[in-house]
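Within every chain, numbering begins at 1; the chains are lettered A, B, ... in the order of the sequence lines, protein sequences first and strands thereafter.
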2 protein chains.
Amino acid sequence: MLDVARAAQVSVATVSALINGTTRVSPALTQRIEAAISAIGYERNAIARSLKLGATKTIGLLVTDIRNPFFADIVATIQYALNRVGYAVMVCSSDEDTALQDMQIKLLLDRAVDGLIIAPAGEDVMLKDFLASVRRPMVIIDRTCEGLDADTVTLDNRKAVLDATSYLVGLGHRRIGYIAGPLITSTGRDRLSGYRDALTEAGVPYVEELVQGGDSREAGGYRAAMQLLTQRDRPSAIFSANNLMTIGTMRAIRDAGLSCPDDISVACFDDFPWADVFRPHLTTIAQPVQAIGEYAANLLLDRLFGQADEAPRRLVVQGRLIVRESCRALARP
Amino acid sequence: MLDVARAAQVSVATVSALINGTTRVSPALTQRIEAAISAIGYERNAIARSLKLGATKTIGLLVTDIRNPFFADIVATIQYALNRVGYAVMVCSSDEDTALQDMQIKLLLDRAVDGLIIAPAGEDVMLKDFLASVRRPMVIIDRTCEGLDADTVTLDNRKAVLDATSYLVGLGHRRIGYIAGPLITSTGRDRLSGYRDALTEAGVPYVEELVQGGDSREAGGYRAAMQLLTQRDRPSAIFSANNLMTIGTMRAIRDAGLSCPDDISVACFDDFPWADVFRPHLTTIAQPVQAIGEYAANLLLDRLFGQADEAPRRLVVQGRLIVRESCRALARP
DNA sequence: AATGCTAGTCTAAACGTTTAGAAGGAGCCA
DNA sequence: TGGCTCCTTCTAAACGTTTAGACTAGCATT
């Protein structure tokens, strides 16, 4: 900018004024400055600008796994919503690893992001103190973090699983296997409680051995499903608590030489874009992904522009059970 | 930092020296400074630091569609590789829209990224001049950009499709439909040429109407497949040139009331993590995604650290045909 | 006693912007 | 002519670091 100013024989203040349109600049100088800019090929240094303005117009987004289509969708939506208003998005993936998660957050903070959107991994309790120490606008998505004063966008997980389980019960299923996500997360607990509540409502006894813990990845889903499928009194249906574990579940069913829905019914959390194209056509709970992303972006923008000290807002959205063909009705005995 | 220096009664230079470990600091001062830092809760301002150092330790990554599992995987791999060496990744998605792409690149440059990894969208020619004007280390992945002096990592697309097509021919197929990606991209052209070359090799005539252009999204794949399926002399096999179009293709087959592989065989580009779990078990060309991501990250790091003026390197990796059950052998007539 | 070396610390000048407030000039009115 | 206002432009001080080079004191060497 100094070079431009010299070439145009004006002060840097005038160049800055012209570029930012903060003050009127006479036509004569405007022309000279513009000529100098294009002659030199000047590009404003964004770092110096950020330093002076105290904002980077960048937000950090941390998810547990970009490869998970659910989060890929979330990332795309948030990215789009924030780009529209001039913000860039720095994406990190914690791979469900709390140590990595801490590193990533530090990495983001060290890039001086103006705000954060986080889908937390690992145990709430551990994370809480760490996040509380981050003095930056922040919204938590997907899972909650008990006791943390931050905006959140979450699904009504209990209700969603309750609906799906009730649907299975309605088809006549009594032994329903449940492949759970990690119970150290609010999501894992809420979804499981939906399952329990549905059974209770229907008067079906809750059987400990029908609930198997997965790790929310494909491998965990596979192990858990195998456990269920090899029990002497095999369940007639399985509910899988997230999309990656569902893939593992289906692989286990295949490896066990069984067929869905003939030998075993399957319902699961999270929809797939191809669910009605490949067989078995899965019955799923679809999350309103777009809405979650938009809400998260908007909550953060509100904080960035507006009242930073307002009470935290907690948005809860509803899932939707999409019935396809992976669950069959049991004949009444 | 000034506050810390004052509180510890030292100069800012000493504080900086301690924090960065650039010079030895006596135990007495070390203790005083550390006490002051934790008392004040000081955190180094990364922007000021970047300004002084002239580097942000951040790279920009632009893909055409984060929701595409292929790119999600690429993003995750690159992110991991760069995080490991202290770089953050700013991700943008152009949604195959060249105007949006230009905006995103400007957005990234305006954040003063140290380098760029780009999977270009749209016509090569348009992009070339724009990218050439970006004076920053850069590597192009997935597609090439004719005439642009940049490092690239690409797949041997022609060879991959040639293999797949030859496989179909070997099964006895003669009328093989081809659902092409946009021919304004190198990827689109190279893949198509693999198809043509395989036919030529086998002495099978190339039929214009068997090649239908998709838009590389699901909707385009659907339209193209429908076109093929409703021809009087329906092809016995279809090759779909990317993963999203494949979903569209399968949807079209379903909507046409046909079954794969009984009524029509399907092979396609890009593997799915669930391809061997859901039916039909697709025969696909798998790209070495991890390798592509790693190579891209390493090429960029080489540029960032080393010789910025070295001749551009062009890496080409090989795909792998994974035969499953979506293609059936035709009885010899 | 003069000199040199080492270790630890400091001063001050960058890095490239933005912006408050000063300065200068033109036009207008009494 | 003097006093006002308005418009444009400039000066200079931030923003929070890093770092070359100066300085000091203590100690060993000649």
Val25(A) side-chain proximity, nearest of dT9(D), dT17(D), dT9(C): dT9(D)
Sidechain N-carboxylate O distance under 4.0 Å for Arg303(B), Asp151(B): yes
d(NZ, Lys57(A); C1', dT17(C)) in whole Å: 17 Å
Sugar-phosphate, base or nothing in reach of Leu53(A), heavy atoms under 4.0 Å: sugar-phosphate
Interatomic distance where CD belongs to Glu43(B) and P belongs to dG16(D) [whole Å]: 14 Å
4.5 Å side-chain heavy-atom contact, Val316(B) and Leu155(B): no
Short side-chain N/O contact from Asn20(B) to OP1 or OP2 of dT18(D), under 4.0 Å: yes
Contact under 4.0 Å: Ser50(B) side-chain N or O vs dT17(D) OP1/OP2: no
Whole angstrom value for the distance that separates C1' of dT17(C) from CD1 of Ile47(B): 12 Å
pair Val63(B)-Ile66(B): side-chain heavy atoms closer than 4.5 Å: yes
Atom pair distance, as rounded to whole Å: CE in Met1(A) and P in dC15(C): 15 Å
Nucleotide nearest Asn45(A) when distance is taken to its side chain, options dT8(D), dG16(D), dT17(C): dT17(C)
Short side-chain N/O contact to dT18(D) OP1/OP2 from Arg49(B), under 4.0 Å: yes
Expected output: side-chain Asn83(B) to main-chain Tyr87(B) donor-acceptor under 3.5 Å: yes
Interatomic distance where CZ belongs to Arg32(B) and C1' belongs to dC10(C) [whole Å]: 13 Å
Distance below 4.0 Å between Arg24(B) side-chain N/O and dG8(C) OP1 or OP2: yes
Rounded distance (Å) that lies between atom C1' of dC10(D) and atom CG of Leu18(A): 15 Å
Heavy-atom neighbours of Arg135(B) CZ exceed 12 at 6.0 Å: no
Touch class at under 4.0 angstrom, heavy-atom based, for Leu29(A) against every strand present: sugar-phosphate
Under 3.5 Å, which N/O atoms of the protein pair with N/O atoms of nucleotides 11-14 of chain C?
residue: dA14(C); atom: N3; partner: Lys52(B); partner atom: NZ; Å: 2.8

Gap separating the CZ atom of Arg32(B) from the CD1 atom of Ile37(B), nearest 0.5 angstrom: 13.0 Å
Ser16(A) side-chain N/O to dT18(C) phosphate OP1/OP2 under 4.0 Å: yes
Test item: Asp65(B) and Glu96(B) side chains (from C-beta on) under 4.5 Å apart, heavy atoms: no
Leu51(A) CG - dT17(D) P separation (whole Å): 9 Å
Nucleotide dG16(D), atom C1' - distance to CG of Asp110(A) in whole Å: 14 Å
